[in-house]
Enquirer: 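What follows is a structure written as structure tokens; I'll ask about it next.
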Protein chains: 2
Amino acid sequence: MTTKTRASSKRATARKPRRGRPPKGASTLSREAITRAALEAIDGGGLEAVSLRVVARRLGVDPSSLYNHVASKDDLLDAVAEHILATFEVPAPTGALEDDLRAIGRAFRRHALEHANATVLVLTRPTISAASLGPLEAILAVLVGAGCTYDKAVHLLRVFMATMLGSVLRDASLSAAFDGEVFASLVRRGAALEASGLEHIVAAAPHLASFDGDAEFDFAVRLATAAIAAELGDADPRKGDRP
Amino acid sequence: MTTKTRASSKRATARKPRRGRPPKGASTLSREAITRAALEAIDGGGLEAVSLRVVARRLGVDPSSLYNHVASKDDLLDAVAEHILATFEVPAPTGALEDDLRAIGRAFRRHALEHANATVLVLTRPTISAASLGPLEAILAVLVGAGCTYDKAVHLLRVFMATMLGSVLRDASLSAAFDGEVFASLVRRGAALEASGLEHIVAAAPHLASFDGDAEFDFAVRLATAAIAAELGDADPRKGDRP
DNA sequence: ACCTGAACACCGTTCAAGT
DNA sequence: ACCTGAACACCGTTCAAGT
């Protein structure tokens, strides 16, 4: 019975929600909006902070309402992964095989890690829809443009993707936990390690402790592209090849 | 009041559990046993089928009892990943760089995919304890044995691991969902793809649709090891290098 | 067509109470 | 020292009831 006649007030937001569809056609709900809200929740609090109830709260809506636009929580997480893949912008090709692969790799890594908490979703869910095939198409274009058959291009594509995904996954996992701290702590308890017969780990510990994701990724991609270029029958692109 | 005096029966298993510690010193509970039970649950029903309550039921124990041996569910999952890594048996080295790396890679892939449902745990959790460093130590040994400095060995190790992890992750993700079906379905709706400007994907679809995990992995590892061998300053190991 | 509220069968985790 | 049972604050999902 409180303040029923104040509906004409400018701030009408305090209206008590009744049953059924909301009277106004505000309709903030859609698959898109839900996906975005879920991604925001993940960005804010990590993967395990996202729940349908949290997403619903964020949208000011009842949890069960989400099921009108999303089949399940799994479906929602797929949508998040797809959303990230679909918004990847492929860098413009220059025509030089190695440069182009490197550029795509770098751009993909940067894009994937932009939502670091969601990266593992992207790498882990086999979300192969048309919207998320941009990166694959771009890499195929570069390989075929370099005179590669489609058969061979697919294999090389897979090698390149594996290298990229493995690197990005490591970065995502590490940044999710404890950056360089992982191996730094190993160095500290070096004595315990020495006893376990891991002599090379102990000897390499200082190098293991320092980790520069960007540089490491570039190195991996450079090696992969060089191997791909060599496999394509070109001369080995490193210097000193024709004496 | 029912059958209280039948305690002397041979089948004493029907004893109603009372409060407190169980009278006998059966003590089936330990971090090891809990980890194994969790892995069995994962093997049987996938990652999302494992819960502390399910693990407890499997051990015939109250869920809260697990907290005497495990700090949290996260801790338990870490223990599972570590268990798998720790039981990896490194193949004996032969002294030939490329052969040895390939052997390690193959063995690791096979071992990781032996518990396919848990593989993503192994790849995703940064579980760097002494017990789980076997693979790293083995790879380092091979690289250093080939005359590599520790500095360079660490970088090459990371490249090799990225290639391996990326490949294994893809296999685990694919096998978790729908094997070759992923791209096979793409082929079917080729028309829809054509409209979205993914010409190379469409052209390569037949090759994308067929996927042999073992062969693909071998190819990736071969390329990676060749690149590593070349980077180490050896002559390019492919034929026809010195005319 | 789409949203609500209540309900169901689960969760992870804590803690006093037991032995 | 270690296990139990109950409790707490959450889950994902379903479904009749509303508009």
Side-chain angles (χ1 to χ4, degrees), chain A residues 7 12-35 37-39 41-42 44-81 121 125, chain B residues 7 12-35 37-39 41-42 44-81 121 125:
Chain A
T13 59
R15 229 180 297 154
K16 262 276 153 58
R18 291 198 229 78
R19 273 219 162 196
R21 202 188 206 192
K24 278 292 177 195
S27 184
T28 84
L29 224 42
S30 70
R31 187 169 232 265
E32 259 283 310
I34 294 172
T35 302
L39 181 52
I42 293 172
L47 256 189
E48 62 277 354
V50 70
S51 74
L52 293 183
R53 291 174 129 101
V54 163
V55 171
R57 211 172 303 143
R58 197 176 273 265
L59 292 168
V61 118
D62 193 275
S64 56
S65 299
L66 303 179
Y67 284 88
N68 288 307
H69 305 90
V70 141
S72 64
K73 186 184 181 182
D74 247 49
D75 183 39
L76 174 54
L77 294 183
D78 280 344
V80 170
L121 270 189
R125 315 215 136 217
Chain B
T13 58
R15 232 180 293 153
K16 262 278 152 56
R18 291 199 227 78
R19 271 217 162 200
R21 203 188 208 194
K24 279 289 178 199
S27 185
T28 84
L29 225 44
S30 70
R31 187 169 232 263
E32 259 283 311
I34 295 172
T35 302
L39 181 53
I42 294 172
L47 256 189
E48 62 277 354
V50 71
S51 74
L52 293 184
R53 291 174 130 101
V54 163
V55 171
R57 211 170 303 144
R58 197 175 273 267
L59 292 167
V61 118
D62 193 274
S64 56
S65 299
L66 303 179
Y67 285 89
N68 288 306
H69 306 90
V70 140
S72 63
K73 185 184 182 181
D74 248 49
D75 183 39
L76 174 55
L77 294 182
D78 280 343
V80 170
L121 269 190
R125 315 214 134 216

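Residue numbers start from 1 in every chain, and the chains themselves are labelled A, B, ... in the order their sequence lines are given, proteins ahead of strands.
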Enquirer: Drop me the distance from A/L121's CG to A/L47's CG, to the nearest 0.5 angstrom.
Expert: 4.5 Å
Enquirer: Whole Å only: how far is the CG atom of A/D62 from the P atom of D/dT14?
Expert: 15 Å
Enquirer: Whether A/S65 contacts C/dC2 is assessed here as follows: a side-chain N or O lying under 4.0 Å from the phosphate OP1 or OP2. Is that the case?
Expert: no
Enquirer: To the nearest Å, how far apart are B/L59 CG and D/dC2 C1'?
Expert: 15 Å
Enquirer: Answer with yes or no whether the side chains of A/S64 and A/D62 bring together a donor and an acceptor at under 3.5 Å.
Expert: yes
Enquirer: Looking only at side-chain atoms of A/S64, point me to the closest of D/dC3, D/dC15, C/dG12.
Expert: D/dC15
Enquirer: Can you tell if the side chain of A/D74 reaches within under 4.5 Å of the side chain of A/R125, non-hydrogen atoms only?
Expert: yes
Enquirer: Drop me the distance from A/S72's OG to A/D78's CG, to the nearest 0.5 angstrom.
Expert: 8.0 Å
Enquirer: Of the non-hydrogen atoms in B/V50 and B/A38, which two are nearest, and what is the gap between them?
Expert: CG2-O, 4.1 Å
Enquirer: Got a second to check how far A/L52's CG is from A/R57's CZ, nearest 0.5 Å?
Expert: 11.5 Å
Enquirer: Write down the distance between CG (A/L66) and P (D/dT13), rounded to a whole number of angstrom.
Expert: 10 Å
Enquirer: Which residues satisfy the salt bridge (Lys or Arg N to Asp or Glu O under 4.0 Å) test with A/R31, sequence neighbours excluded?
Expert: A/D75
Enquirer: In whole Å, what is the span from the CG atom of B/L76 to the P atom of C/dT13?
Expert: 10 Å
Enquirer: So which atom in B/P63 and which in B/R53 form the shortest heavy-atom distance, rounded to 0.1 Å?
Expert: CG-CG, 3.9 Å
Enquirer: Tell me: NE2 of A/H69 to C1' of C/dC2, nearest whole Å?
Expert: 7 Å
Enquirer: Reading 5' to 3' and counting Watson-Crick or G-U wobble pairs with both distances under 3.5 Å, write the dot-bracket notation for DNA chain C, | for bases paired outside the strand.
Expert: ||.|||||...|||||.||
Enquirer: What pair of heavy atoms forms the shortest contact from B/H69 to B/I34, and how long is it?
Expert: CB-CD1, 3.8 Å
Enquirer: Please report the distance, rounded to the nearest Å, between OH in A/Y67 and C1' in C/dC8.
Expert: 13 Å
Enquirer: List in numerical order all residues of residues 48-56 of chain A for which some heavy atom is under 4.0 Å away from an atom belonging to DNA chain D.
Expert: A/S51, A/L52, A/R53, A/V54
Enquirer: Nearest to the side chain of A/N68, heavy atoms from C-beta on, is which of D/dC3, C/dC2, C/dT13?
Expert: C/dC2
Enquirer: How close or far is atom P of D/dC11 from atom CG of A/D74, stated in whole angstroms?
Expert: 17 Å
